[in-house]
Undergrad: 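Once you've had a glance at the structure underneath, I'll fire off some questions.
Atoms within each ligand, like the ligands themselves, are counted from 1 in listed order. These numbers were taken from a predicted model, which means no experiment stands behind them.
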Amino acid sequence: MVRKISKAAVIGSGIMGGGIAALLAGAGVKVLLLDIVPFDLTDGEKEDPAARNRIVKTGMDGALMAQPPLFYSKKDAGLIEIGNLTDDFDKLADCDWICEVVVENLKIKQDLFKRIEAIRKPTCIVSSNTSGIPLKAMSEGLSPEFKQHFLGTHFFNPVRWMHLLELIPGEETSRDVLDFIEKFGEVNLGKGIVWAKDTPNFIGNRIGIQGMGKVMQEVVRQGMTLAEVDALFGPAMGRPSSAIFGTADLVGLDTMAHVMENSYALCPDDEERDTHVLPDFVKKMVENNWLGNKTKGGFFKKEKNAEGKKVKMMIDPATCEYVEFAKADLPCLTAAKAAETPAEKAKAILYGNDKGAKFAWSCCANGLIYAANRIPEISASIVEIDNAMKWGYALETGPFESWDMIGVNESVAKMEADGMAVPEKVKAMLAGGNESFYKVEGGRQYFYDFETEAYKPVKLSESALSLATCRADGKVVKSCPSVSLVDIGDDVFCVEFTTKMNALNREIIEFMGEVKDFALENAAGIVIGNQAGGMPGAFSAGADLDYVLGLCKGKKYAEMDEFLTLAQNGLKEIRYANLPVVAAPYGMTLGGGCEVCLGAADKIVGAADLMMGLVEMGVGLLPAGGGCTNLWKKFFFALPEPVQKDTDLAKLFVPVFMAIGMAKYSMSAKQAFGFGHMNPLADRIVMNRDLLIGEAKKEVLAMVDAGYAPPVKKPVPVMGEAGAGMISAQIFNMFSGGFLSEHDMLIVKRIAYVIAGGTVKEGTPIDEDVMYKLEREAFIDFAKEEKTIARIEHMLKKGAPLRN
Ligand SMILES: NC(=O)c1ccc[n+]([C@@H]2O[C@H](COP(=O)([O-])OP(=O)(O)OC[C@H]3O[C@@H](n4cnc5c(N)ncnc54)[C@H](O)[C@@H]3O)[C@@H](O)[C@H]2O)c1
């Protein structure tokens, strides 16, 4: 039998159920979303189907309205049928997977599984999204057949955005079911799979919440402020900027308390059991209903001061009262700021001497020891723990990777000097001459296995190609500070940007030229991609605006023209070179990043979370690295040839103009299809970002196998003089309605002129180089405008567009 999930049911339409339903629909699965009939129906409502579905409808609406969005495309909602657990229960009979996501209550879950057992088809997989109730308890008394098909599928909130999916096998779950869900979760749903044991709170929350509990206790003991703690535990140590207390506000203090209580109650032998007890000030906050962002305040809040100005406030742990937020000023933070690499930053904090460093060390060292002590209790290996913490808590490195970064020998010596109980297995690892938890050898990553006291290969699926591993294995064939060319095997090479936010600069553009020469001689094909991490992360956030601003302010228009020509030609030459090129964008793929994909690649293999668009208009510019030209070409040449001949160009012109003139960017790869930056017939979506480079490589090899021939350069018909008229009424209306400023008007009119190919007669085929020149001229004219310069400066300072 070949398993497939054609129809799934999600039971419970709350925060998690709505998110899981949206994700499944995004993967093209038909979903039945069920919830309870409201208890409080009036007599008149009792027979009314709409009233009976009120709870599930509210859940569905919540998922549709959620920010950040839970759906990849709202059209996916068409795959979801809603219903209730009384009238529609029979519809579960033809589901391939039933995922239970109801309130965290053992009795309710047990009763539900009993009902499901009676109706499920023999092959149907049943899972629970419980955060911490043991599977054994939930499936007690059910048949062996049910238990063979039953497991835990623990998604994290928000479901679309958190990469982690913990899978928890029951004692009797069949191997075939586990293997199937692992693959389905990884490939179809795009999740990072972590195998957890059936222990309270599984892996991510067991470790994550202990770490938070420890910090909350120490903050009182060591007299730190919340601002200081969050500055220490934020980006400076490779953690999200919400750090500890900001994250607790996001999650909700009640939820956090619930998970802690669960660990405390169910793990009586935990050596750190006391860290699962909330300190008094947090208990008081929960009593006061200061639960975080969902209430009026949590550890932080904003309020108006006496002068009516909004100020940020934070809790003073000593008094449990709000005080004004005061930015942290600690020597170890200054040292970390000056440090270059993540490892140096972490060392600057953890091995410093001030009170901040001492605080950070006491909490981190405790966390590292706690994580090591949880093996084999909650997980078979260090890899599961590291992945759970990276994917569920958005850390850049998991505990054992961080431990390697700060040096295992050095840190263990410090722990011992401080009287901490270093786990025997870590001491044994060092005594055996093994100085790190991970190592790379022969292109493979290995982890240290405590049980066998030896290194074992990290298990990766076939497409999960890691550029970091290639790099560690000496596979970089060419590099400069901004970009590298990495040998990813089978004669395929990856162009990997390495600047901040992968912004495109002159060095990258010049490198592209060298790549072409190298690749023509040595490569079967090229992937353009990187794995910078973070959520949403950036394939490339666009051109290096600092450099552009310098050119504008210095009035260096000749240099600007030369730079733009270099970029246009660099991308064009790769595109027409005799080797397949696949771009693998994910996250922010904006401005120049989008132009690279449109201009250089034969095919785009985009991650599901792609935010793609030509957004130059936001900084008073237009795409002039070939973006206007190549989007127009993409639209036109997507048409079948017989249609190209006498097509109504206006039908293409308006959407291309709107995409560029309104700086539209997608919030998913599906939306990129909708906007035309990707083409469903040529390009493809990969749900799992970890598999993106590997899948892009497969596409390169498939093109090679199919006998690749480069595209032939052809003139493209344009809208010409009719273009301006086509959009003038629309522009005028938007200006009158206040949607466009005068400066916007100036820019969008010129954008229309460029996309129209100038003032030629409608339908005239023109050479792309003519359009490239129009792009450059417009760009330089915009660069002369004070308002454009103000926009660029604003973007650089505030990270947001200025309307002027
Ligand atoms: N919220 C999170 O961050 C998170 C993360 C991971 C796992 N979980 C787990 O997911 C599950 C759902 O959590 P949530 O946050 O979505 O909760 P929620 O409160 O948002 O939703 C729970 C849903 O259960 C339904 N429900 C209530 N009583 C019911 C009953 N008697 N029978 C059937 N359904 C009933 C409710 O109508 C509601 O739609 C829980 O097991 C929770 O532990 C939550």
Undergrad: Quick one: look at Leu85 and ligand 1, take heavy-atom pairs under 4.0 Å, and tell me if it's side chain, backbone, both or neither.
TA: side chain

Undergrad: In the protein, which heavy atom is nearest to atom 3 (O) of ligand 1, and how far is it?
TA: Asn157 CB, 3.4 Å

Undergrad: Please list the nearest protein heavy atom to atom 25 (C) of ligand 1 with its residue and the distance rounded to 0.1 Å.
TA: Asp35 OD1, 3.4 Å

Undergrad: Classify the ring geometry of Phe281 against Phe245: parallel below 30°, tilted from 30° to 60°, perpendicular beyond 60°.
TA: tilted

Undergrad: Among Asn129, Ile15, Leu250, which one puts a heavy atom closest to atom 10 (O) of ligand 1?
TA: Asn129

Undergrad: Any idea which protein heavy atom is nearest atom 30 (C) of ligand 1, and the distance to it?
TA: Ile108 CG2, 3.5 Å

Undergrad: Got a donor-acceptor contact below 3.5 angstrom from the Lys670 side chain to the Asp609 backbone?
TA: no

Undergrad: Using a 4.0 Å heavy-atom cut-off, which part of Phe156 comes near ligand 1: side chain, backbone, both, or neither?
TA: neither

Undergrad: Is it the case that over 12 heavy atoms from other parts of the model lie below 6.0 angstrom from the NZ atom of Lys121?
TA: yes

Undergrad: Has the side chain of Glu401 got a donor or acceptor atom that lies under 3.5 Å from a matching backbone atom of Gly398?
TA: yes

Undergrad: Under a 3.5 Å distance rule, please check whether Arg160 uses its side chain to pair with a backbone N or O of Phe71 as donor and acceptor.
TA: yes

Undergrad: Mind checking whether Glu100 has a heavy atom under 4.0 Å from ligand 1?
TA: no

Undergrad: Considering Val102, Thr255, Thr130 one by one, which has a heavy atom nearer to atom 11 (C) of ligand 1 than any of the others?
TA: Val102

Undergrad: Please check if the side chain of Thr173 supplies one atom and the backbone of Phe150 the other of a donor-acceptor pair under 3.5 Å.
TA: yes

Undergrad: So which of Asp87, Thr86, Asp88 actually passes side chain to side chain donor-acceptor pair (under 3.5 Å) with Arg52?
TA: Asp87

Undergrad: Tell me: protein heavy atom nearest atom 13 (O) of ligand 1, and distance?
TA: Met16 CG, 4.1 Å

Undergrad: Which ligand 1 atoms does Ser13 reach within 4.0 Å, using its non-hydrogen atoms?
TA: 39 (O)

Undergrad: Could you tell me, atom by atom, which parts of ligand 1 come under 4.0 Å of a heavy atom of His154?
TA: 6 (C), 7 (C)

Undergrad: For atom 19 (O) of ligand 1, what is the closest protein heavy atom, and at what distance to 0.1 Å?
TA: Val103 CG1, 4.4 Å

Undergrad: Taking only heavy atoms of Lys109 into account, list the atoms of ligand 1 that are under 4.0 Å away from them.
TA: 40 (C), 41 (O)

Undergrad: What residue and atom, counting heavy atoms only, is the protein's closest point to atom 8 (N) of ligand 1, and at what distance?
TA: Ser131 OG, 3.1 Å

Undergrad: What protein heavy atom sits nearest atom 41 (O) of ligand 1, and how far off is it?
TA: Glu104 OE1, 2.5 Å

Undergrad: Looking at Asp96 and Lys7, would you say the former's side chain and the latter's main chain have a donor-acceptor pair under 3.5 Å?
TA: yes

Undergrad: Considering the options Asp270, Asn262, Thr199, which one meets the side chain to side chain donor-acceptor pair (under 3.5 Å) requirement together with Arg206?
TA: Asp270

Undergrad: Would the distance check show the side chain of Trp391 and the main-chain N or O of Gly204 forming a donor-acceptor pair, the cut-off being under 3.5 Å?
TA: no

Undergrad: Quick check: does any side chain N or O of Arg115 sit under 3.5 Å from a backbone N or O of Leu85, one acting as donor and the other as acceptor?
TA: yes

Undergrad: Considering only the protein, which heavy-atom contact is closest to atom 21 (O) of ligand 1, and what is its distance?
TA: Gly14 CA, 3.4 Å

Undergrad: Hey, which atoms in ligand 1 end up nearer than 4.0 Å to a heavy atom of Ile55?
TA: 37 (O)

